[in-house]
Every structure is written in structure tokens, then in C-alpha cells.
Amino acid sequence: INKLAFQNNNIENDMNVTTRPMRTEVAYVPAPDVKMLPLSSDFDVGVYFRPEVGGKLLIGTQEPECDTHEYLEDPDKCSYAFTDLWTNLVYRAALRIPQIQIPNTAQGI
């Protein structure tokens with residue numbers, strides 16, 4: 001990114017932007033029969049959620065401090081198995097949408 005912004009522009013590059021891969025999960029549950037906004041975010045419980053195609057509700061994390069953040073040395077060796085984060089996301093969303101049906105089998109990415 002730094003090279004794209006400063007290359008051939010005669011501007012001094014005083015930025016130092018770095019990134020590193022972090023593993024996260026997104027949960028899919030059956031969509032409850034309630035009126036939904038296109039995207040809702042709840043900072044109190046640390047999740048966002050939105051309707052998804054196929055009658056699903058997508059639930060993701062806002063990465064609150066109480067969650068363990070898993071940074072990856074090699075993203076090509078990332079595990080795709082669900083962890084406790086999936087369960088936490090669904091339970092947190094259910095605090096705001098009590099009509100959520102929590103499935104016995106995890107679905108998501």
C-alpha cells in the first residue's frame with residue numbers, strides 16, 4: 001500500500017502500515033421471523049448481524065476484548081473447524097433477538 005501511495009509522487013513516505021492475518025468466524029443460523037434492518041451492530045454484546053440469502057441470518061464478531069484473537073503465522077495453514085467463538089456469536093446475538101433458533105450443527109465460515 002505504501003508503495004502505491006508514494007511511488008513517483010515526489011511525496012515523502014512517512015507512513016508505516018503493517019498488517020497480519022487473523023482467524024475469525026462467521027455464523028449462519030435460520031433467520032427468525034422478525035423485521036430486520038439490512039445490517040445491525042450491537043456493541044454491548046460485540047456482534048453484528050444481517051439477513052443472508054437462503055433464509056439465514058449471518059452473525060459476525062466486532063472483536064471485543066473478551067474474545068481471544070488468533071493471529072496466524074501462515075494463513076494457508078488455517079484451520080476451518082468451528083471453535084467456541086461460533087457458539088459465543090450465536091448466543092450473543094440471541095440476547096438481542098430472542099427468536100433466534102440455535103441449531104445443533106454449526107454452519108458458517
Connected-component partners of Tyr28 among ILVMFWY, side-chain separation under 4.5 Å: Val26, Leu39, Tyr48, Leu58, Ile109

Contacts of Thr24 that satisfy side chain to side chain donor-acceptor pair (under 3.5 Å) - sequence neighbours left out: none

Thr87: partners by side chain to side chain contact (heavy atoms under 4.5 Å, CB included), with sequence neighbours left out: Tyr91

Pairwise salt bridge (charged side-chain N to carboxylate O under 4.0 Å, His left out) hits with a residue in residues 98-109, at least two apart: none

Where Pro51 and Leu37 come nearest, the two heavy atoms and their spacing: CD-O, 3.5 Å

Residues which pass side chain to side chain donor-acceptor pair (under 3.5 Å) with Gln62, listed by chain and number, not counting sequence neighbours: Ser41

Where at least one partner belongs to residues 97-109, residue pairs that pass side-chain hydrogen bond (donor to acceptor under 3.5 Å, both in side chains), sequence neighbours excluded: Lys56-Gln107

Contacts of type side chain to side chain contact (heavy atoms under 4.5 Å, CB included), residue Tyr80, not counting sequence neighbours: none

Minimal non-hydrogen separation, Leu89 against Ala27, with atom names: CD1-N, 4.3 Å

Pairwise side-chain contact, Leu57 with Pro32, heavy-atom cut-off 4.5 Å (strictly under): yes

Rounded distance [0.5 Å steps], SG in Cys78 versus CE in Met22: 11.5 Å

Residue pair Ile102 / Val29, side-chain heavy-atom distance below 4.5 Å: no

Any residue meeting side chain to side chain contact (heavy atoms under 4.5 Å, CB included) with Asp76, in chain and number order, not counting sequence neighbours: Asp74

Salt bridge (charged side-chain N to carboxylate O under 4.0 Å, His left out) contacts touching residues 20-30 (sequence neighbours left out): Arg23-Glu25

Close side-chain approach of Pro30 and Pro103, heavy atoms under 4.5 Å: yes

Within residues 89-109 or reaching into it, pairs that qualify as salt bridge (charged side-chain N to carboxylate O under 4.0 Å, His left out) - sequence neighbours excluded: Asp42-Arg96, Asp44-Arg96, Asp67-Arg92

Side chain to side chain donor-acceptor pair (under 3.5 Å) partners of Ser40, counting only residues at least two apart: none

Partner residues of Glu63 under the side chain to side chain donor-acceptor pair (under 3.5 Å) criterion, sequence neighbours left out: none

